[in-house]
Structures are given as C-alpha cells and as structure tokens.
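Here the structure comes first, spelled out in structure tokens, and everything after it is commentary.
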Amino acid sequence: MTASDSLYPSGEASVLVLQGGGALGSYQAGIYDALCEQGCSIDWVAGISIGAINAALIAGNPPERRVAQLREFWDLVSSDLTASPAIPGEQARTVFNSLSAAWITLVGVPGFFNPRIPPAAFYPAGAPEALSVYDTGALKATLERLVDFDLINAGHVRLSIGAVNVRSGNFVYFDNRTDRIGPEHVMASGALPPGFPPVLIDGEAYWDGGLVSNTPLDYVLDSERRRDLVIYQVDLFPAQGTMPRTLLEVAEREKDIRYSSRTRLNTDKNIEARKIKRSVRRLLDKLPSELMSDEDADFLRQVSRENFITLMQLIYRQKAYEGDSKDFEFSRATMIEHWQAGRNDLIRSYRHPAWHERRHNEAGVAVFDLTLHARD
C-alpha cells in the first residue's frame, strides 16, 4: 500500500484492468512498470485478449521478475522489426507504420503467431486448420516459457480473463479463484477470428472476449462488493474522438468505438445500484424488531452491502501518424513508444494533486482521468 492509499480503510484491494488491443498492449506493460516504480502492489489482474497475456505475465511471475518478463515478451514480439524510421516527420512515420503492419500480416509475429501453411482454404470444412489465417502454436510455447502457471493457480494474485463460447455466444470469465488456469485459457481470451483459431477448453471452443466486451471492468465491479477497490483501468482504444475525414479515418474511428470501454456506462450503473442499496438499508432500519431476523430481511441486508470504488482511467491516446492498423503494428520503435507512453501517463496521474487529495464521496464511486489534457 502506498502513502496515498493510506487515505482509505484497511482491507482495500488494488486491481489492474487491461483491455484488448494487440500491439498497443505494450502501453499496458509501461503502466505496470511505472506502478511498480511507484511502489504499488497489485492484488488482482483482469484482462481480455492482449490484456489477458499481460495479466498472465504479471500474475504468473514473482514481483521481482514481472517487469523483466513483460519486457522479454514485448522484445520478442517486436524482434522482426527493429529498424527505426529513416526519415523524421509524421508523413514518413505514417508510411513506416503502414509498411510494418503490412509486413506483420504477411510473416506473422515471433513468439506469437505465424501464417498457416498451407492456408486454411486447403483444409476440409470443419478441420481445426480451416478456421483461421494464422497458427498460434508459437504463443503457447512463449506462455509456457515466460509464465509460471503453478504460481497463478496458487492464487497469490487473482487472475481473471474473458473469452466467448463459440457455440453459445456466451461471455465467460476464467478466474483462478474457481478455475485452474493454463496457457489455453490465456490463448482463448486472445483468439480473435478469423485471424486466430478457436481454443478448446473442456470440449468447448472459445474466441477472443473482445467480440462481446473488450474490458473486464464490469466483471470486477460485479465480483467484489465487500472490499474497497482501487482500480487502474488501462484502455487501448479511446471512446471519444474527432469526426473522420477520409475512409481510412472512418475505419480507425469505427475500431476505436467498437473496442472502447464503456466506463461511464459501467460507473453510472454502479452508482444507480448503490442508490438502490441505500434505499434498501433505510427501509430495513424502519422494520419492526420482530422482522429484523426474518430470512428475507437478512438476505436484503447482505446484498445491500457496498464498497467504495476509486478508478484511475489510463487511456492510450494515439499519435497523429497511427491509423487503423495500430493494433497489429509490432515494430520495435512503436513498442518502445507505447511502453514509454504508459510509464509517462501513470507517473503523471500518480503525481496529480487530485489523486493525492481524493476522498470517499456519497456516490460511492470516484473516477479520475488525469492525463486527458496532458501529453508530451
């Protein structure tokens, strides 16, 4: 617990919530790097897609090795494109990033995915190989090397990762409080079709959780209603943006909207639920003494308990030269920029006076976006 956290009652939990977003995930790694530097201990990591991979790297390593393992993963997946842009300027960088993304679509990403050879069309309908453009066997080997799944299942850090059942369309969370987590659960959370194949778990096929919801915030809010929570929500796609002017900007803006977090919706729902809980508690206080021990009254007393939510929102806000391929542009130069942007945003937010002066409020939820107007 940090000095600023001492403003809150003991027993609160620190939660890191990681959105999906492919190559943008190195921004999340930079956030965690800076959190460690600030002395913040994370109790629970929840992630989807690339957020699930980063979450597994954090929960599946001892504290002193987590940043190094994140660094090794991101160095590995950017190792095919280590050159830097030869010409300065936004226009040249736009061309560089577009070419980098095009290269990735052709050759894949080291330690992550490779083009399926022969292609999916050469396999009979229904064959596992017919269901994706890429093979993700390399990711399984990477996870087995960099993540200690026995440590994850020991439960020292809670891990929750989201995926969607292909057959039923139902969203599912795999959680080390109730499930034994393996590489397949992490891979299922990031199995975005048609690029990546579905992952079989106990006879059921799963795809990327981002198809249904790209952030685990609602799961975290629904799953823990007793302990106070300090949530660091790391988003890779901004909900707000400018009106597009070209078809390329339309594609980029559509992706941002589709994958952005519904933070305001989730917090508004949470605030409304708290109003209902307070009304229930006031009503219980008015009951005659002979009804206080009634089974229904006891149930209402339990479900009307509430905790306090403090949410620091950290949103990656892209550079002008990044387009709709930003989530699969895995060049080393871009990875380093994203990582550093994450570090800068977390440090700036942690040092902001509003964060240090925060207090509980009547609504029961406090949301901070402290980097909205502060960018290098």
Side-chain angles (χ1 to χ4, degrees), residues 15-25 28 44-57 59 109 112-113 116 120 125-137 139-140 143 147 149 152 158-224 233-237 239 254-263 265-266 269 324 327-328:
V15 189
L16 185 61
V17 172
L18 303 177
Q19 192 184 70
L24 298 171
Q28 298 171 340
W44 182 3
V45 194
I48 290 173
S49 199
I50 196 66
I53 293 174
N54 282 330
L57 288 163
V109 173
F112 200 155
F113 60 89
R116 190 173 294 285
E129 296 84 358
L131 302 180
S132 67
V133 177
Y134 299 101
D135 183 298
T136 54
L139 177 59
K140 185 174 189 293
L143 290 170
V147 176
F149 286 93
I152 285 177
R158 184 174 181 181
L159 174 66
S160 309
I161 47 183
V164 60
N165 186 299
V166 176
R167 182 182 54 80
S168 69
N170 291 335
F171 197 86
V172 175
Y173 274 97
F174 302 112
D175 193 310
N176 64 350
R177 280 196 171 181
T178 56
D179 305 291
R180 185 162 185 82
I181 304 297
E184 64 276 11
H185 298 88
V186 182
M187 294 174 68
S189 184
L192 185 65
F196 298 163
V199 177
L200 284 176
I201 299 173
D202 296 330
E204 292 286 347
Y206 293 91
W207 272 335
D208 192 308
L211 293 174
V212 175
S213 173
N214 200 37
T215 180
L217 178 61
D218 54 346
Y219 177 78
V220 169
L221 294 177
D222 289 341
S223 297
E224 179 55 71
Q233 179 185 316
V234 188
D235 293 348
L236 302 178
F237 296 95
E254 183 274 335
K255 183 178 285 186
D256 283 345
I257 293 172
R258 175 158 40 104
Y259 290 124
S260 65
S261 294
R262 306 295 187 263
T263 303
L265 174 64
N266 282 316
K269 284 169 53 181
D324 71 315
D327 54 333
F328 56 95

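The residues of the chain are indexed from 1 along the displayed sequence.
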Tell me, with the steps shown, if Gln28 and Ile50 meet side-chain contact (heavy atoms from CB on, under 4.5 Å).
CA-CA 9 Å; Gln28 298 171 340; Ile50 196 66; 4.2 Å; yes
Would you check if Gln19 and Ile48 make a side-chain contact, meaning some heavy-atom pair closer than 4.5 Å?
no
So do Phe149 and Leu143 actually touch side chain to side chain, heavy atoms under 4.5 Å?
yes
Between the main-chain N or O of Gly162 and the side-chain N or O of Ser189, is there a donor-acceptor pair closer than 3.5 Å?
yes
Value rounded to 0.5 Å, distance of CZ in Phe113 from CG in Leu192:
10.5 Å
Nearest heavy atoms of Val220 and Ala46, plus distance in Å:
CG2-CB, 3.9 Å
Taking all heavy atoms of Ser132 and all of Ala120, pick out the closest pair and write down the distance.
O-CB, 3.4 Å
Flag side-chain contact, heavy atom, 4.5 Å: Phe237 against Leu24
yes
Quick one: does any side-chain atom of Asn54 pair with a main-chain N or O of Gly25 as donor and acceptor, under 3.5 Å?
yes
Any side-chain heavy-atom pair of Arg177 and Ser223 under 4.5 Å
no
Heavy-atom closest pair, residues Trp44 and Glu224:
CZ3-CB, 3.8 Å
Rounded at 0.5 Å granularity, tell me how far CG in Leu159 sits from CG in Asp179.
10.0 Å
How long is the span from the CZ atom in Phe112 to the CZ atom in Phe196, to the nearest 0.5 Å?
4.5 Å
Indicate yes or no: at least one non-hydrogen side-chain atom of Leu131 is less than 4.5 angstrom from one of Pro193.
no
State the CG-CG distance between Asn214 and Leu236, to the nearest 0.5 angstrom.
7.5 Å
Distance (rounded to the nearest 0.5 Å) between Tyr173 OH and Ile161 CD1:
10.5 Å
Rounded to the nearest 0.5 Å, what separation is found between the CG atom of Asp175 and the CD1 atom of Ile181?
7.0 Å
Does a side-chain heavy-atom distance below 4.5 Å link Leu200 with Glu184?
no
Using the ring of each side chain (for Trp, its six-membered ring), is His185 parallel, tilted or perpendicular to Phe174, with breaks at 30° and 60°?
perpendicular
Enumerate the residue pairs fulfilling side-chain hydrogen bond (donor to acceptor under 3.5 Å, both in side chains) with a member in residues 198-211, sequence neighbours excluded, ordered by first and then second residue.
Ser49-Asp208, Asn165-Glu204, Arg167-Glu204
For Arg116 and Tyr134, which heavy atoms make the closest approach, and how far apart are they?
NH2-O, 3.1 Å
Nearest heavy-atom neighbours spanning Pro198 and Val166:
CB-CG2, 4.2 Å
Shortest non-hydrogen pair, Val17 vs Pro216, comes out as CG1-CD, 3.4 Å
